[in-house]
Amino acid sequence: MKNAILFIGCLISTFSVIGQQKVFTITTYGAKPDGETHNTQAIQKAIDEANAAGGGRVLIPAGRFVTGVLHMKSNVGLYLAENAVLLGTSRRSEYGPKKASALLVADGQKNISITGKGTIDGQSDKLIEDIYRMLKAGTLEDNEWQTENPWHQIRPAEENRPKLLEWRNCDGVQIKGITFRDGTDWIQKYVNCTNLIIDSIRVESTTFLNNDGIDVVDCRHVKITNSFINAADDGICLKSEDRNRKNICEDIYIANCKVRSSASALKFGTASWSGFKDITVRDLVIYDTYRSAIALEVVDGGFMENIDIRNIKATNTGNAIFIRIGHRNKDTVQSRLRHIYIGNVTVDVPKGKPDKGYREEGPIVREPHNVYPSSIVGLPDYPIEDVVLENIEVKYEGGASKEVAYVSPDALTQIPEKVADYPEFSMFGELPAWGFYVRHAKGVTMKNVKISYKDEDFRTPMIFDDVKALKLVDISIPTVKSAPAILLHKTDNATVKKVVSPLSKTETVKIQK
């Protein structure tokens with residue numbers, strides 16, 4: 001993190017200089033805070049003049065200012081005063097005739113910022129209404145809006161729904177203090193950027209589908225801190241979209257954030273074409289989250305390594321930990337995932353739907369299933385390597401029933417590999433474990449791990465299938481009812497020490513060839 005400290009110091013110095021430069025107030029250029037006048041030209045002129053002057057602050061004072069697409073320029077800081085609201089236009093046509101532009105755009109700029117105590121509001125309800133109006137009138141092209149997707153949803157294509165912010169190829173970016181609200185797609189997307197600070201922001205966007213809170217794509221030297229995310233899709237998400245890009249997701253620090261999601265709270269991957277490296281996460285509070293508290297996924301031929309995640313508290317969350325290698329890409333490049341440390345994690349997993357009652361709930365898994373375990377799952381010839389889970393406690397509500405779903409622990413070879421499927425903790429269907437299911441892995445260490453349930457579960461607490469160099473030390477399973485507590489199938493070079501369960505010593509661990 002030495003480089004990160006240096007870039008943060010330089011960035012603070014840069015923005016201190018900007019703050020001392022001339023202030024360009026948008027009302028001086030004719031902007032009106034009446035919530036109706038379209039102020040795109042006035043605001044853009046203020047940005048352009050600040051840039052031409054060598055830099056400065058563009059002030060959005062208190063009031064409701066409607067705008068269309070704005071292009072940020074180098075050395076310009078957009079400052080939203082308290083009670084200032086920047087309203088994205090609800091006219092879809094103003095975002096472009098085909099693929100929708102984001103509301104706030106930047107490409108190849110340096111030393112840019114959005115700060116203050118104001119709000120950027122995408123007016124999603126009005127905008128979606130206008131999108132549907134255009135679709136029905138045939139004035140907007142979209143091949144998806146009447147077709148059910150794999151998640152059993154019907155929606156306009158993502159390319160037709162504007163993001164609130166999309167900044168590409170920028171250096172020296174600061175987003176601080178502001179609130180993002182009610183987008184129709186990803187809220188903010190940063191692509192191939194360096195020296196990015198996101199601090200003390202708030203995201204409130206549960207009004208439509210694909211409302212990711214923060215998406216960081218192939219960016220280096222990133223710091224995300226002290227923020228609150230309430231999103232209808234993934235909360236804090238790192239992605240890698242292009243193998244040919246210079247940057248990967250590297251040198252990233254995430255800390256002191258609170259996340260509520262109708263997908264996964266902390267997610268690295270899905271899009272995973274290049275790499276993720278040297279990422280540190282500390283002190284997250286997660287609640288009412290439909291899918292995983294922590295999801296690490298490499299499925300497009302990229303790599304993920306040197307990930308350090310600590311101090312996570314998740315309540316009412318559908319899954320604790322999901323780690324996955326897949327092969328969704330059509331070429332022969334294989335994904336790699338290794339050197340992962342996850343420590344000091346507590347998760348409460350309910351039986352019901354954790355995000356029930358939120359406006360845009362996550363899509364229901366239609367196949368019958370009991371509560372899903374945490375999973376670490378590689379591929380037969382490409383194992384996940386060197387994973388350490390330490391000081392972990394997962395409390396399950398339990399209450400599994402064979403009448404709902406049942407997979408025998410003697411039928412492990414029948415569990416599908418789903419090599420090319422979208423990665424998700426529910427992707428394998430019903431599993432014969434309730435606590436941890438680990439398959440195709442090498443060098444897995446679990447130390448001081450406790451799993452328990454409130455209501456009885458007939459399944460095996462922990463199953464390890466095709467795992468090499470397994471170490472289990474100080475494992476507590478106080479609620480297991482039937483043997484074994486731990487099943488080792490085709491697992492070589494295993495060390496098992498200090499397992500506490502109500503079963504006898506001979507019943508606790510079963511080795512199955």
Side-chain angles (χ1 to χ4, degrees), residues 18 22-53 55-81 83-109 112-131 133-134 139-140 159-168 170 173 175 178-190 205 207-208:
I18 291 175
K22 185 176 178 181
V23 175
F24 299 79
T25 304
I26 64 171
T27 50
T28 303
Y29 296 85
K32 296 181 179 179
D34 56 15
E36 296 181 1
T37 303
H38 282 232
N39 300 292
T40 311
Q41 292 184 353
I43 300 172
Q44 189 63 57
K45 187 174 182 181
I47 293 170
D48 293 345
E49 290 199 5
N51 169 256
R57 170 179 285 184
V58 172
L59 172 63
I60 301 177
R64 296 172 64 80
F65 295 90
V66 177
T67 183
V69 176
L70 297 173
H71 295 263
M72 289 294 293
K73 302 291 181 67
S74 291
N75 302 314
V76 175
L78 198 63
Y79 183 85
L80 281 75
N83 298 320
V85 182
L86 195 62
L87 294 165
T89 175
S90 58
R91 300 173 186 169
R92 169 60 181 82
S93 60
E94 295 189 29
Y95 294 95
K98 293 186 178 180
K99 182 178 180 180
S101 169
L103 179 66
L104 297 166
V105 176
D107 194 348
Q109 305 304 304
I112 56 178
S113 70
I114 303 177
T115 61
K117 296 183 179 180
T119 298
I120 298 172
D121 187 333
Q123 299 199 94
S124 60
D125 285 344
K126 292 181 179 180
L127 180 55
I128 283 294
E129 183 180 345
D130 192 56
I131 289 172
R133 180 191 62 77
M134 293 180 69
T139 56
L140 185 64
E159 67 178 17
N160 269 331
R161 292 181 272 130
K163 297 173 176 61
L164 290 188
L165 178 152
E166 185 168 359
W167 289 2
R168 294 175 169 269
C170 295
V173 174
I175 310 294
I178 64 167
T179 295
F180 288 99
R181 181 178 295 280
D182 296 346
T184 59
D185 195 57
W186 295 3
I187 302 307
Q188 48 192 317
K189 182 180 183 181
Y190 306 89
S205 196
T207 53
F208 205 71

**Q** Give me the atom names and distance for the closest heavy-atom approach of Ala42 to Tyr29.
**A** CB-O, 3.3 Å
**Q** Applying side chain to side chain contact (heavy atoms under 4.5 Å, CB included), run through Asn160 and Tyr95 and close with a yes or a no.
**A** CA-CA 9 Å; Asn160 269 331; Tyr95 294 95; over 6 Å; no
**Q** Answer whether the closest heavy-atom distance between the side chains of Leu78 and Ile60 falls below 4.5 Å.
**A**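 Touching, per the 4.5 Å side-chain cut-off.
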**Q** Taking the side chain from Ser101 and the backbone from Gly96, do they hold a donor-acceptor pair closer than 3.5 Å?
**A**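 A pair under 3.5 Å: no.
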**Q** Output yes when a side-chain donor or acceptor of Gln109 lies under 3.5 Å from a complementary backbone atom of Asp107, and no otherwise.
**A** yes
**Q** Where do Gly55 and Phe24 come nearest, in terms of heavy atoms and distance?
**A** O-CE1, 4.3 Å
**Q** Which value, rounded to the nearest 0.5 Å, describes the distance between Thr184 atom OG1 and Gln123 atom CD?
**A**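 Rounded to the nearest 0.5 Å, the OG1-CD separation comes to 11.5 Å.
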**Q** Are Asp185 and Pro162 side-chain neighbours, meaning at least one heavy-atom pair lies under 4.5 Å?
**A** no
**Q** Testing the basics here: between Ser124 and Gly183, what is the closest heavy-atom pair and its distance to 0.1 Å?
**A**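 Shortest heavy-atom separation between Ser124 and Gly183 comes out as CB-O, 3.4 Å.
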**Q** Would you indicate whether the side-chain heavy atoms of Gln188 and Leu164 approach each other to under 4.5 Å?
**A** no
**Q** Between CD1 of Ile114 and CZ of Phe180, what distance do you get to the nearest 0.5 Å?
**A**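 So the CD1 of Ile114 and the CZ of Phe180 are separated by 5.0 Å.
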**Q** How far apart are the closest heavy atoms of Val69 and Glu94, and which atoms are they?
**A**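 Between these two residues, the closest heavy atoms are CG2-O, 3.7 Å.
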**Q** What salt bridge (Lys or Arg N to Asp or Glu O under 4.0 Å) pairs are there with at least one residue in residues 112-127, not counting sequence neighbours?
**A** Asp125-Arg359
**Q** Any chance you could measure Ser93, atom OG, to Asp130, atom CG, to the nearest 0.5 Å?
**A**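 Answer rounded to 0.5 Å: 6.5 Å.
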**Q** With a 4.5 Å cut-off on side-chain heavy atoms, are Asn83 and Pro61 touching?
**A** no
**Q** Quick check: closest heavy atoms across Ala106 and Ile112, and the distance to 0.1 Å?
**A**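 Closest pair (atom of Ala106, atom of Ile112, distance): CB-CD1, 3.8 Å.
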**Q** Main chain of Gly122, side chain of Asp182: is a donor-acceptor contact present, judged purely on distance under 3.5 Å?
**A** no
**Q** Could I get the full list of side-chain hydrogen bond (donor to acceptor under 3.5 Å, both in side chains) partners for Arg168, not counting sequence neighbours?
**A** Glu166
**Q** For Asp48, is there an ion pair with Lys73 - N to carboxylate O distance below 4.0 angstrom?
**A**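 Yes, this pair counts.
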**Q** How many angstroms lie between atom CZ of Arg133 and atom CD1 of Ile128, to the nearest 0.5 angstrom?
**A** 13.0 Å
**Q** Show the numbers, then the answer: is there a side chain to side chain contact (heavy atoms under 4.5 Å, CB included) between Ile175 and Tyr190?
**A** CA-CA 11 Å; Ile175 310 294; Tyr190 306 89; 3.3 Å; yes
**Q** Supply the atom-to-atom distance Thr25 OG1 to Leu59 CG, rounded to the nearest 0.5 angstrom.
**A** 4.5 Å
**Q** Taking only residues two or more places apart in sequence, or in another chain, which ones meet Thr37 in a side-chain hydrogen bond (donor to acceptor under 3.5 Å, both in side chains)?
**A** Asp34
**Q** Is any side-chain heavy atom of Leu104 closer than 4.5 Å to a side-chain heavy atom of Trp167?
**A**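 They are in contact (side-chain heavy atoms under 4.5 Å apart), so the answer is yes.
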**Q** Exactly one of Leu103, Val58, Leu86 should register a side-chain contact (heavy atoms from CB on, under 4.5 Å) with Leu70. Which one does?
**A** Leu86
**Q** Search all heavy atoms of Lys32 against all heavy atoms of Asn39 and return the closest pair with its distance.
**A** N-OD1, 2.8 Å
**Q** How many angstroms lie between atom NZ of Lys45 and atom CD1 of Ile47, to the nearest 0.5 angstrom?
**A** 13.5 Å
